[in-house]
Novice: 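For reference, the structure I am asking about is given below.
Each ligand, and each atom within it, is numbered from 1 in the order the structure gives. Index from 1, following the sequence.
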Amino acid sequence: MKSALVCGAGGFIGGHLVKRLKREGYWVRGVDVKFHEHAETQADDFVLGDLRDQTICRDVIDQRFDEVYQLAADMGGAGYIFTGEHDAEIMHNSATINLNILEACRKRNIRNIFYSSSACMYPEHNQLDPSNPNCEESSAYPAAPDSEYGWEKLFSERLYLSYNRNYGMRCRVARYHNIFGPEGTWQGGKEKAPAAICRKVAQANSGDAIEIWGDGEQTRSFLYIDECIEGTVRLLRHPSFEGPVNIGSDEMVSINQLVDIIADISGKSLDKNHIDGPLGVRGRNSDNRLIKEKLGWAPNLPLQNGLKETYSWISAQLQRNSIEQVQKLELA
Ligand code: NAD
């Protein structure tokens, strides 16, 4: 039986990846500082541990896993990454995790490691035009990410690839672009745009205005979780291509369009109230030429399909929360 370690298994993408590996018949160990908030883990073994601690890393990497997926990071939506208040934590925590895991894998002679970088490492100056952003993999240098989160990703990409060169490892590096779907963070400040807008729309009544950060003309593409997982396992199992490569959708929309699609799914007619807020770059889209060339595959699910699934999951969470609140009031 093949074995896999998923670091960050208590998180959104890690939780889905564990399910996928279990469906394939793997023995899976998950590790995270927290349990998954929205679903029972399907991992055979789940370790609660802090990967900033070298001893924990050595303990969880106690066997020669066939595959290691390193997704653990200090992470968040624009409200967490772009305010500047968490820069030192983000850089210190994520870089320490990557340094520890990679070295522990090397010592165990584990070669196949997947690392999730982010589109946030692309230079800001190539993403000023919302209708024509450049996120071709080769445009990464000269580097100029607009956040310390992006700089840490860039450092760690280079770290993994240097272990390939110097120690003959087979690390694979992907640059994820805005992944969304059920069982992701949808409230509390760390949620991303699709989840935040699904929640706001689900809470609104027809005729209400929902709050949008900025003028809403900033563009992005959003990748549904199932396709993210597909791209991830395909890349790790590729015999020779190490990346970095974009794993994202190339269906670019403005945030205003995203709101309209979600409002349409909900059947509500809503206005938009544009307010000040942290924004990130003006435009971003996944350039999928390299992934098509190297993997012979690229995501192609229409955005609307993934949003339907996500909207219905978030609506169900809200309903469950309000039922629980009523029950608490009845008991009080
Ligand atoms: P997530 O926050 O849901 O998952 C990350 C997990 O890492 C969390 O469960 C967190 O508890 C865990 N973690 C953080 N610090 C840890 C520590 N010290 N020890 C052990 N576990 C720790 O985020 P996600 O959306 O699932 O993202 C997974 C990876 O993909 C991250 O590396 C992220 O930077 C990258 N990524 C995600 C997106 C996206 O849109 N979701 C986009 C680009 C890159």
Novice: Between Trp313 and His38, is the gap from one ring center to the other below 6.0 Å?
Specialist: yes
Novice: Answer side chain, backbone, both or neither: which part of Val31 comes under 4.0 Å from ligand 1, heavy atoms only.
Specialist: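 No part of Val31 comes within reach of ligand 1.
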Novice: NE2 of His125: more than 12 outside heavy atoms within 6.0 angstrom?
Specialist: yes
Novice: Measure Lys192 to ligand 1 on non-hydrogen atoms and call it side chain, backbone, both or neither using the 4.0 Å cut-off.
Specialist: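 Side chain only; the backbone of Lys192 stays clear of ligand 1.
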Novice: Check the surroundings of atom CG in Asp276: do more than 12 heavy atoms from other residues, nucleotides or ligands lie under 6.0 Å from it?
Specialist: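 Open.
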Novice: Only heavy atoms count here, so choose which of Tyr69, Tyr149, Phe35 is nearest to atom 34 (O) of ligand 1.
Specialist: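 Among Tyr69, Tyr149, Phe35, the closest heavy atom to atom 34 (O) of ligand 1 comes from Tyr149.
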Novice: Atom CZ of residue position Arg158 - does it have more than 12 heavy atoms of other residues, nucleotides or ligands inside 6.0 Å?
Specialist: no
Novice: Relative to ligand 1, is Asp32 under 4.0 angstrom through side chain, backbone, both or neither, heavy atoms considered?
Specialist: both
Novice: Side chain of Arg111, backbone of Gly168: donor and acceptor closer than 3.5 Å?
Specialist: yes
Novice: Check for a donor-acceptor pair, side chain of Gln70 on one end and backbone N or O of Ala72 on the other, with a separation under 3.5 Å.
Specialist: yes
Novice: With atom 16 (C) of ligand 1 as the reference point, say which of Ile13, Ile97, Leu51, Asp74 has the nearest heavy atom.
Specialist: Ile97
Novice: Would you indicate which of Ser117, Cys7, Ser116 comes nearest to atom 44 (C) of ligand 1 when only heavy atoms are counted?
Specialist: Ser117
Novice: Out of all atoms in ligand 1, which are within 4.0 Å of some heavy atom of Gly49? Include the element for each.
Specialist: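 Per the distance check, 19 (N), 20 (C).
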Novice: Tell me the contacting part of Ala9 for ligand 1: side chain, backbone, both, or neither, using a 4.0 Å heavy-atom threshold, strictly below.
Specialist: neither
Novice: Could you check whether any side-chain N or O of Lys272 sits under 3.5 Å from a backbone N or O of Asp260, counting only pairs where one atom can act as donor and the other as acceptor?
Specialist: no
Novice: Using a strict cut-off of 4.0 Å, indicate which atoms of ligand 1 neighbour a heavy atom of Asp50.
Specialist: 17 (C), 18 (N), 19 (N)
Novice: Do Glu157 and Lys153 meet the salt-bridge criterion of a basic N to acidic O distance under 4.0 Å?
Specialist: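 Salt bridge flag = no for Glu157 with Lys153.
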Novice: Looking at Arg220 and Glu251, is there a salt bridge between them, counting it only when a charged N and a carboxylate O are closer than 4.0 Å?
Specialist: no
Novice: Under 4.0 Å from a heavy atom of Ala72: which atoms of ligand 1 are those, numbered in the order shown and with their elements?
Specialist: 7 (O), 21 (N), 22 (C)
Novice: Decide yes or no on side chain to side chain donor-acceptor pair (under 3.5 Å) for Asn134 and Gln127, but give the supporting numbers first.
Specialist: CA-CA 6 Å; Asn134 176 12; Gln127 300 170 84; over 6 Å; no
Novice: If you measure from each heavy atom of Asn93 to ligand 1, is any distance below 4.0 Å?
Specialist: no
Novice: Please say whether more than 12 non-hydrogen atoms of neighbouring residues, nucleotides or ligands are located less than 6.0 Å from CD in Gln63.
Specialist: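 Enclosed: over 12 neighbouring heavy atoms sit under 6.0 Å from CD of Gln63.
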Novice: With heavy atoms of Gly10 as the reference, note each atom of ligand 1 found under 4.0 Å away.
Specialist: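 Heavy-atom distances to Gly10 below 4.0 Å select 9 (O).
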Novice: May I ask you to say whether Arg282 pairs ionically with Asp215, meaning some side-chain N is under 4.0 Å from a carboxylate O?
Specialist: yes
Novice: Check each atom of ligand 1 against the heavy atoms of Lys34 and keep those under 4.0 Å away; list them by number with element.
Specialist: 9 (O), 11 (O)
Novice: Can you find an N or O of Ala119 that's nearer than 3.5 Å to an N or O of ligand 1?
Specialist: no
Novice: Under 4.0 Å from a heavy atom of Asn178: give me the atoms of ligand 1 that qualify, with their elements.
Specialist: 40 (O)
Novice: Return the option from Ile179, Leu223, Ile225 holding the heavy atom at the smallest distance from atom 40 (O) of ligand 1.
Specialist: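 When every heavy atom of Ile179, Leu223, Ile225 is considered, Ile179 comes closest to atom 40 (O) of ligand 1.
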Novice: Taking the non-hydrogen atoms of Phe180, is any one of them nearer than 4.0 angstrom to ligand 1?
Specialist: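 Under 4.0 Å: no for Phe180.
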Novice: Is Gly15 close enough to touch ligand 1? Criterion: a residue heavy atom under 4.0 Å from a ligand atom.
Specialist: no
Novice: Heavy-atom contact check, 4.0 Å cutoff: does Gly184 meet ligand 1?
Specialist: no
Novice: Is the closest heavy atom of Lys153 to ligand 1 under 4.0 Å?
Specialist: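 A heavy atom of Lys153 does come that close to ligand 1.
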